[in-house]
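This report concerns only the one structure given below.
Whatever order the structure lists them in is the order used to number ligands and atoms, beginning at 1.
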Amino acid sequence: MHAFDPVREDKFTFGLWTVGNPGRDPFGPSVRPTMDPNHIVRRLAELGAYGVNLHDNDLVPFGASASEQSAIVKAFKQTLADTGMVVPMATTNLFSHPIFKDGAFTANDPKVRAFALQKTMRAIDLGAELGAKIYVFWGGREGVEADACRDPRTAWHRMRDAIDFLCGYVRDNNYGMKFALEAKPNEPRGDLYLPTTGHMLHFISTLEHGDMVGVNPEVAHEVMAGLSFAHNVAQAMACDKLFHIDLNGQKIGRYDQDLRFGSEDQKGAFLLVRLLEGTAGGPGYEGPRHFDAHAYRTEDEEGVWAFATGCMRTYKILKARAQAFDADPEVTALIAEQTDRELTPLLTRGYTIQKAAKLKELEIDVDAVASRGLGYERLDQLMVEHLLGVRGG
Ligand code: GLT
Ligand code: MN
Ligand code: MN
């Protein structure tokens, strides 16, 4: 067994919709046959994954009868038991069916909003039955092209009503689930409401039960918005709101590519893994490392498993590189915090009138401080050399 081979303890998960993606795109149909969810679970278990996540309709087709659903769920639970795989996260498909063409929770037609709540409550029941403790909300259709159709403030209030309602539902049923909200700037709608993780974090602060709601940031979505993914994730971690994460790869300025993790922007991926693993200090992320990505359209089923293995291996390779980087004495010397016993207490733990007076009196040699080189060129080059494998273990 090699150090980069995935094992259960790594907590790698995939959505049924990710490895199950048949390669359909806006310009052409499927290129791979649809895979049975039980087959997906078995293959992922063999590859060393920890679990699978799903939308209600990834497992139970839209419109299935109660008896059809119970037969499907029974067989699926058996497969989970046989393989030791878990379902840490579940979600609702509120975007595929034509009823959601104008959104789900934000749609103008109250019947659509009622159906969205009904479908989500049923999907939450399904998630709870499968043991999911995280419930994701990705508002794929919660957006607009003809902006005059609704006041964007109304969309925001409808979204808040829906999440408040569903928090109540989970609490009432003692499901012990937490919600994780996933932002995206656009696609499939021209503009999506709540377009970035930062918007979500603020939105959460306005909720009735905001304590049970966090975020599920996705690499591709923040990169589409031109943002630093690691910075978004860091802000969520700093306020204990990183409840889940969608790992993948993305080129800036493109459609939502959902590429193999680490296949693009290796520096961004390195900084992300370094943050999640806490190799530079500070608490790391404890939840599942979920890959929300899919294989290239060029691939057959074998290529899909190569894709899945690639996501997990690259994560582990980057983790090893991050550990070596942060253990490198030249790196630690360059990023060592400068401590100053007199100044540091003035700069932390809030305002006092005494601190204000002291700060106002301080004599700082502005030219001396301003002329000091910081060595960040060397630091960044060291990171590149670790990343390229010519330095460190
Ligand atoms: C869809 C989307 C993803 C979301 C999934 C959860 S579904 O594939 O592109 O980003 O995370 O609803
Ligand atoms: Mn996603
Ligand atoms: Mn995506």
Side-chain angles (χ1 to χ4, degrees), residues 13-26 30 34 37 40 51-59 62 87-97 100 103-105 116 119-120 123-124 126-127 132 134-143 159 162-163 166 179-189 192 194-197 200 214-227 229 232-233 236 242-261 263-265 268-269 272 287-297 304 307 311:
T13 62
F14 289 83
L16 284 181
W17 70 93
T18 63
V19 281
N21 180 300
R24 209 179 292 119
D25 74 14
S30 300
T34 307
I40 292 178
V52 284
N53 301 316
L54 48 92
H55 298 86
D56 47 355
N57 303 135
D58 296 341
L59 183 62
F62 188 96
V87 178
M89 177 273 256
T91 183
T92 330
N93 185 326
L94 293 173
F95 42 88
S96 294
H97 194 281
F100 300 125
F105 300 139
K119 190 173 195 288
T120 304
I124 286 175
L126 171 66
I134 297 289
Y135 204 85
V136 161
F137 290 84
W138 172 64
R141 299 273 175 202
E142 313 291 8
M159 202 67 201
I163 300 295
L166 293 164
F179 290 174
L181 310 184
E182 178 177 348
K184 191 174 181 183
N186 58 273
E187 198 194 314
R189 303 307 298 271
L192 293 180
L194 298 167
T196 70
T197 294
M200 286 300 184
V215 290
N216 177 41
E218 174 174 318
V219 176
H221 300 177
E222 306 296 325
V223 173
M224 284 168 77
L227 301 174
F229 187 64
N232 282 268
V233 170
L242 187 66
F243 287 6
H244 199 261
I245 192 157
D246 277 4
L247 302 168
N248 57 23
Q250 174 75 25
K251 279 185 198 268
I252 201 161
R254 310 288 162 93
Y255 64 95
D256 185 24
Q257 293 177 299
D258 294 337
L259 299 167
R260 189 178 74 255
F261 178 65
S263 61
E264 297 292 336
D265 183 19
L272 173 65
R289 275 74 173 154
H290 170 67
F291 298 105
D292 185 11
H294 50 76
Y296 301 138
R297 196 166 184 266
V304 170
F307 146 84
C311 287

> What's the shortest distance from atom 3 (C) of ligand 1 to any protein heavy atom, and which residue and atom give it?
Replying inline: Asp292 OD2, 3.0 Å
>> What is the name of the N/O/S atom of Asp292 that is nearest to the Mn ion (ligand 2)?
In response: OD2
> Given OD1 of Asp258 on one side and OD2 of Asp256 on the other, what angle do they make at the Mn ion (ligand 3), to 10°?
Replying inline: 100°
> So which of the N, O or S atoms of Glu182 lies nearest the Mn ion (ligand 2)?
Replying inline: OE2
>> I want to know if ligand 1 touches Thr92 in the polar sense, i.e. an N/O pair below 3.5 angstrom.
In response: no
>> Quiz question: by atom type and distance under 3.5 Å, do the side chains of Asp58 and Asn93 form a donor-acceptor pair?
In response: no
> When the ring planes of Phe261 and Phe291 are compared, do they come out parallel, tilted or perpendicular, using 30° and 60° as the limits?
Replying inline: tilted
> Mind checking whether Asn216 has an N or O less than 3.5 Å away from an N or O of ligand 1?
Replying inline: no
>> Among the N/O/S atoms of Glu218, which is closest to the Mn ion (ligand 2)? Give the atom name.
In response: OE1
> Backbone, side chain, both or neither: what part of Asn93 comes under 4.0 angstrom of ligand 1, heavy atoms only?
Replying inline: neither
>> Would His55 count as a polar contact of ligand 1, with the cut-off being nitrogen or oxygen pairs under 3.5 Å?
In response: yes
> Which of these passes side-chain hydrogen bond (donor to acceptor under 3.5 Å, both in side chains) with Asn248: Asp258, Asp256, Thr18?
Replying inline: Asp258
> How close do Glu142 and Phe105 get, heavy atom to heavy atom, and via which atoms?
Replying inline: OE2-N, 2.9 Å
>> Among all the protein's non-hydrogen atoms, which is closest to atom 11 (O) of ligand 1, and how far away is it?
In response: Glu182 OE1, 2.6 Å
> Under 3.5 Å between some N or O of ligand 1 and some N or O of Glu218?
Replying inline: yes
>> Which atom name would you report as the N, O or S atom of Asp246 nearest the Mn ion (ligand 2)?
In response: OD2
> Where do His290 and Asn53 come nearest, in terms of heavy atoms and distance?
Replying inline: ND1-ND2, 2.8 Å
